[in-house]
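Keep in mind that what you see is a predicted model, and the values were worked out from it rather than measured. Letters A, B, ... mirror the listed sequences (proteins, then strands); counts begin at 1.
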Amino acid sequence: MALLLTKIISNLNQIAAAREGEHVPAKSIAQILTSKGVITFLIFAAIILGAYTTVNKATELGRQEGYAPDQPIKFSHATHAGVNKIDCQYCHDSARRSKHSSIPSTNTCMNCHAAIKNGSTYGTAELTKIYASIGYDPATNKYIENYDSKTEEEIKAIYTKWIGDEYKRVKEKADLDDEGVRLVTQQWADIKKSLTNEQKKKIQGPIEWVRIHNLPDHVYFNHSQHVTVGKLECQTCHGKVEEMDVMKQMSPLSMGWCINCHRQTEVKFKDNAYYANYTRYHEEMAAGKRDKVTVADIGGLECQKCHY
Amino acid sequence: MEKQLDNIWIGQKDLTRDEEFMKSTNQEFAEEQVTYADMTSNLSGNRRDFLKFLGFGLGAATVAAGCDIPVKRAIPYVIKPDQIVPGVANYYASTFVNGGDYCPVLVKTREGRPIKIEGNDLSTITGGGTSARAQASVLSLYDTNRFTGRRLKMAQDGKIHLGQK
């Protein structure tokens with residue numbers, strides 16, 4: 001655009017000069033491009049663009065939108081929340097009563113998986129990891145006594161036998177063939193890899209999931225305020241989790257994103273005991289002076305709400 | 001060409017007043033590296049090159065490392081105690097006793113760890129009052145010299161009683 005205008009202006013100047021009888025030689029493109037003005041403009045533009053990019057990228061440092069790491073267990077939200085329609089808060093039960101929506105403990109998994117021992121996608125490969133973590137023997141349907149003091153060899157014996165037996169049952173074979181042996185070895189290696197790391201040498205004990213949604217330490221966020229009081233759907237911030245095979249961070253979790261939502265979102269004010277003491281807003285709504293109350297109206301933009 | 005002051009010379013060429021060498025000393029920031037015949041070096045670059053590479057290397061490494069976000073772990077319970085909700089504090093009524101001091105207290109705990117001791121409002125004796133010692137006693141709960149378990153004591157009757165001094 002600017003180039004076009006410059007070209008038009010120079011053409012007009014040339015015509016004006018020609019009318020007055022002067023002869024001005026037309027500048028070649030190379031001359032124009034290497035002229036002082038153009039070079040100054042280009043350097044200026046480069047500095048502005050560079051600074052703009054630097055600031056933008058620096059602001060985004062530490063943000064993880066779209067972060068979808070590999071988890072120790074290939075847990076699929078699509079299978080659990082999508083196909084089987086398990087409520088989010090059945091497993092993430094602390095979302096309604098705590099600031100954290102914590103990752104469910106292994107015993108929550110066992111509520112269902114004490115009975116469901118073969119996964120729909122991965123068979124015994126992923127579910128055996130839960131059993132190895134908590135110490136449940138799926139063959140006898142009993143928790144193993146003194147599991148914490150068992151050696152790795154003892155644990156390996158229990159679960160490789162279970163994986164092998166399941167393989168034989170599914171394939172209707174009497175003995176483990178080569179493929180079966182390979183499968184058992186591979187699944188056991190995977191279980192060991194998932195449940196141990198440099199800090200945690202034992203198979204027994206908690207599953208160390210990779211945390212996806214991280215807020216900086218100087219931000220206070222409360223799940224129960226949004227889920228129980230605000231009656232928000234989990235999907236508002238977390239996206240269509242029920243369609244995700246691998247869990248992914250949908251929102252930028254940036255301050256601008258929070259603030260924007262607080263400006264736009266209408267508070268569910270009616271029949272909400274939590275907001276009963278906002279009498280002026282209730283009166284204004286009843287009198288028809290006000291059609292909605294946003295989060296910003298009740299102090300959702302105040303710094304100290306989240307940073308204190 | 002009288003450049004040697006007080007007969008101080010550096011290197012053989014300076015001593016013999018080699019013409020080429022004398023010319024090169026006129027240029028303080030010589031393009032070509034001044035080489036001393038009797039100084040041998042295995043390094044191909046010079047000090048400035050080294051500093052350039054060092055600076056670039058450090059800068060590049062910082063930028064590359066700074067952009068990497070460390071993997072954070074979320075470790076849930078294996079078997080979660082019923083009364084614990086992560087993120088919500090639990091309060092337990094207890095008693096602070098130290099020498100002759102006595103005080104009914106409420107202990108605030110997070111995930112099983114005591115973090116604050118306050119007086120118990122429900123007590124008819126103190127009505128929620130505490131002392132500095134009672135408030136500070138939360139630190140003593142983390143004293144490494146505390147007993148980590150119950151004590152065993154053989155009573156007069158020869159049986160072992162748990163939880164008795």
Study note, to complete from the structure: Here the pair of heavy atoms bringing A:W209 nearest to B:P76 is CD1-CD, 3.7 Å
Check your understanding: Does atom NZ of A:K200 have more than 12 heavy-atom neighbours from other groups under 6.0 Å away?
Key -> yes
Exercise for review: Count the heavy atoms of every other residue, nucleotide or ligand shown that sit under 6.0 Å from NZ of A:K231, and state whether that count exceeds 12.
Suggested key: yes
Point to revise | Contact summary for B:K80 and A:D93, nearest pair of heavy atoms | key: NZ-OD2, 4.3 Å
Revision key, fill the gap. Scanning both residues in full, the closest heavy-atom pair of A:H100 with B:G87 reads CD2-CA, 3.4 Å
Exercise for review: Identify the two heavy atoms, one from B:I79 and one from A:I134, that lie closest to each other, and give their separation to 0.1 Å.
Suggested key: CG1-CD1, 4.0 Å
Exercise for review: Sort A:P104 into side chain, backbone, both or neither according to what part of it lies under 4.5 angstrom from a heavy atom of chain B.
Suggested key: backbone
Review point. Does NZ in A:K192 sit with more than 12 non-hydrogen atoms of other residues, nucleotides or ligands closer than 6.0 Å?
Key: no
Practice item. Can you establish whether the number of heavy atoms outside A:D70 located under 6.0 Å from its atom CG is more than 12? Key: no
Practice item. Keeping the roles fixed (side chain from A:S98, backbone from B:P86), state whether a donor-acceptor pair exists under 3.5 Å. Key: yes
Study note, to complete from the structure: Closest non-hydrogen atoms of B:R73 and A:E208, given as atom of the first, atom of the second and distance, are NH1-O, 3.1 Å
Practice item. Can you establish whether the number of heavy atoms outside B:Y142 located under 6.0 Å from its atom OH is more than 12? Key: yes
Review point. To the nearest 0.5 Å, what is the distance between CD (B:E111) and OG (A:S102)?
Key: 9.0 Å
Review point. Above 12 or not: heavy atoms from other molecules or residues under 6.0 Å from OH of A:Y220?
Key: yes
Check your understanding: Just wondering, do B:K72 and A:V210 contact through their side chains at under 4.5 Å, heavy atoms?
Key -> no
Exercise for review: Provide the closest heavy-atom pair for A:S133 versus B:V78 in the form atom of the first, atom of the second, distance.
Suggested key: O-CG1, 4.2 Å
Review point. Considering residues, nucleotides and ligands other than B:Y102, do more than 12 of their heavy atoms fall under 6.0 Å from its OH?
Key: yes
